[in-house]
Amino acid sequence: MSFTPHGKHLIAGEWVAGEAKFRSEPAHGAAHEFAVGTVEMVDRACAAAEDAFTAYSATTREERAALLEAIADEIEARADQITQIGTEETGLPEARLQGERGRTTGQLRLFAEHIRQGDYLDRRHDKALPDREPMPRPDLRLMQMPIGPVAVFGASNFPLAFSVAGGDTASALAAGCPVVVKGHSAHPGTSEIVAEAVHAAIARTGTPAGVFSLIQGGRRDVGQALVQHPLIKAVGFTGSLAGGRALFDLCAARDEPIPFFGELGSVNPMFILPQAASARGAEIAKGWAASLTMGAGQFCTNPGIAVIREDQAETLAGAAKDALAEIGAQVMLTDGIAEAYRSGTARVSGGEGVRDILSASCNAREAKPNLFMVSGKDWLGNHALSEEVFGPLGLIVTASGEDEMTRIAQSLEGQLTATLHLDEGDHDLARRLMPVLARKAGRVLANGFPTGVEVADAMVHGGPYPASTNFGATSVGTMAIRRFLRPVSFQNIPEALLPEDLK
Ligand code: NAP
């Protein structure tokens, strides 16, 4: 059965219509009308979230785990309809949406298991020392507690795994925080059906309805009102540097500043070291081309820059060009993102000393791969060449030697990932680069490609600014829950009054 959205917001268990409408702009299939979010709706959703907080934050870990598992089940019960509306709205292929659904339900279940284990509470106990001289020591017990209602901004490029019931929502709900989602206007129908799944799970588990609301986009003041709402205590965001920075600044300027966990841009540099380049340069180039063009290059972990010694660059460029030339035009997520890809490509190709290896043009909402080459000297002299171009664009930066390769690494801004392609004979140079890259990136990897982020305990998806706005956090993996918790110390509190988890 195909899914036709009704176009309403979900506010604390109620589907709410509105007079103003916006139309979706699907890549294919019919467009639908959606109610435009308003500041008044933001206020209603935040008030309901705060009302629900007391009861929800006091639920047991088992109760919250059951809610997360019920959301996963309800998403699976709508699997085909989610894939249908998701592919229509985003242009992403069915297989990608199916895989992303599995990742989304897997994330929800992973957080269920994670809170059952209880390690995330980080419980500590310093027993009282009443006879200590010169001062007795009080009894101190510490644990992590939920921070309050959380705002989540759905990402355009992961309509399921980083959207309505994605990692931010899953980790906030696991922590014990109600969530108000601002849906991304690129996939409002997908947001609606996933919100239906959350709604059904909330009803089934008897969770307070105010624990979850979805307000559709359509207007910028919705997101702005949400991050400035006094009842919101933290924000999870994935998107552009410009949008993220604007919302981050609003959070910092509040009377009560709140943490803004923004996952923003990254060029994810790869360093192809000499032995690896001579042993398997062409093979690395093929892998790079596949990683660069996956999902039309619309991944925050897309490896946009490859750094290689200049005498080895032509082999890499030739093999990458051949592999990229075989890849046809791919539909992008929105017209705006396709336009930004075109202007980003023009910015790179117009840079001093930049050579075209493969350049392509295509229709309005499509992207074809582009490949360029530039010397390390010209790259170091032009900051614009180190900025993210969201889409399948690769830039080869040639280094005159080890010193210049190191200078390139040192000059990088904060990154989500940095990759080394190396063989055993490259270890001395790798030893030089490793401390530099570990300072720059949230994840350093060897002999692989950064696209494909494992959802696991030891994953970090974050990094120094501008990769993210908070280098101490990750938006993927179980540590993501820490963003929505704060430590509270209980001093000499009678056992009967302590939170259940501390008794
Ligand atoms: P975006 O423009 O930053 O939008 C993300 C969300 O923030 C949307 O809900 C948007 O609302 C809202 N927003 C943006 N600027 C705002 C502002 N000034 N005030 C209030 N709300 C604001 O990102 P996008 O639409 O996903 O994609 C555009 C660009 O983002 C891409 O070209 C790419 O460079 C980058 N991107 C990066 C990543 C990554 O993981 N690093 C992922 C996706 C996209 P509306 O829905 O109303 O626009």
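Both ligands and their constituent atoms are indexed starting at 1 by order of listing.
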Side chain, backbone, both or neither: which part of [X] has a heavy atom under 4.0 Å from ligand 1?
| X | answer |
| --- | --- |
| Leu241 | neither |
| Ser185 | both |
| Glu388 | side chain |

[X]: numbered ligand 1 atoms lying under 4.0 Å from its heavy atoms:
| X | value |
| --- | --- |
| Ala246 | 18 (N) |
| Asn157 | 42 (C), 43 (C) |
| Thr238 | 40 (O) |

Examine [X] against ligand 1 and note whether any of their N/O atoms are separated by less than 3.5 Å.
| X | value |
| --- | --- |
| Leu264 | yes |
| Arg219 | no |
| His184 | yes |

Salt bridge check: are Arg365 and Glu339 linked by an N-O gap of less than 4.0 Å?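 So Arg365 does not pair with Glu339 through a salt bridge.
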Sidechain N-carboxylate O distance under 4.0 Å for Glu326, Lys368: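 Salt bridge: no.
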For [atom], what is the nearest protein heavy atom, given as residue, atom name and distance?
| atom | value |
| --- | --- |
| atom 34 (O) of ligand 1 | Phe390 CB, 3.4 Å |
| atom 19 (N) of ligand 1 | Gln224 NE2, 3.0 Å |
| atom 26 (O) of ligand 1 | Ser156 OG, 2.6 Å |
| atom 28 (C) of ligand 1 | Ile337 CG1, 3.9 Å |
| atom 39 (C) of ligand 1 | Cys300 CB, 3.2 Å |
| atom 45 (P) of ligand 1 | Lys182 NZ, 3.3 Å |

Report yes or no: is the cationic atom of Arg245 (NZ for Lys, CZ for Arg) closer than 6.0 Å to the six-membered ring centre of Phe260, at no more than 45° off its axis?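 No cation-pi geometry.
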Cation-pi geometry met for Arg96 and Phe158 (6.0 Å, 45°):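 Cation-pi check for Arg96 and Phe158: passes.
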Option whose closest heavy atom lies nearest to atom 20 (C) of ligand 1, chosen from Gln216, Arg220, Gln298: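 Ranked by closest heavy atom to atom 20 (C) of ligand 1, first place is Arg220.
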Measuring from atom 3 (O) of ligand 1, which candidate in Gly239, Gly243, Ser240, Ala225 has the nearest non-hydrogen atom?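 Shortest heavy-atom distance from atom 3 (O) of ligand 1: Ser240.
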Looking at Trp288 and Pro303, would you say the former's side chain and the latter's main chain have a donor-acceptor pair under 3.5 Å?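 Yes, the answer is positive, given that a donor and an acceptor are paired below the 3.5 Å cut-off.
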Short question: side chain of Thr238, backbone of Ala155 - any donor-acceptor pair under 3.5 Å?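 Here the side-chain-to-backbone pair does not exist.
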May I ask you to decide if the ring planes of Phe261 and Phe484 are parallel, tilted or perpendicular, using 30° and 60° as cut-offs?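 Judged by the thresholds at 30° and 60°, the geometry between Phe261 and Phe484 is perpendicular.
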Taking the inter-plane angle between the rings of His421 and Phe449 on a 0 to 90° scale, is it parallel (under 30°), tilted (30 to 60°) or perpendicular (over 60°)?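 Aromatic pair His421/Phe449 classed tilted.
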Counting C-beta onward and ignoring hydrogens, is there a side-chain heavy-atom pair between Thr345 and Phe372 closer than 4.5 Å?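 A side-chain contact exists here, since the closest heavy-atom pair is under 4.5 Å.
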Do Asn470 and Tyr465 pair up side chain to side chain, a donor and an acceptor below 3.5 Å, judged on atom types alone?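 Side-chain D/A pair, Asn470 to Tyr465: absent.
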Measuring from non-hydrogen atoms of Gly217 to any atom of ligand 1, is the shortest distance under 4.0 Å?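 Checking ligand 1 against Gly217, which is what was asked, there is no heavy-atom contact under 4.0 Å.
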Work out whether the distance between some heavy atom of Phe237 and some atom of ligand 1 is less than 4.0 Å.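 True for this residue.
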Using a 6.0 Å cut-off, check whether atom CD of Glu25 has over 12 heavy atoms from anything other than its own residue.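 Count not over threshold, so no.
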Does Glu113 have any salt bridge (Lys or Arg N to Asp or Glu O under 4.0 Å) partners at least two apart in sequence or in another chain, and if so, which?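 So Glu113 forms a salt bridge (Lys or Arg N to Asp or Glu O under 4.0 Å) with Arg116.
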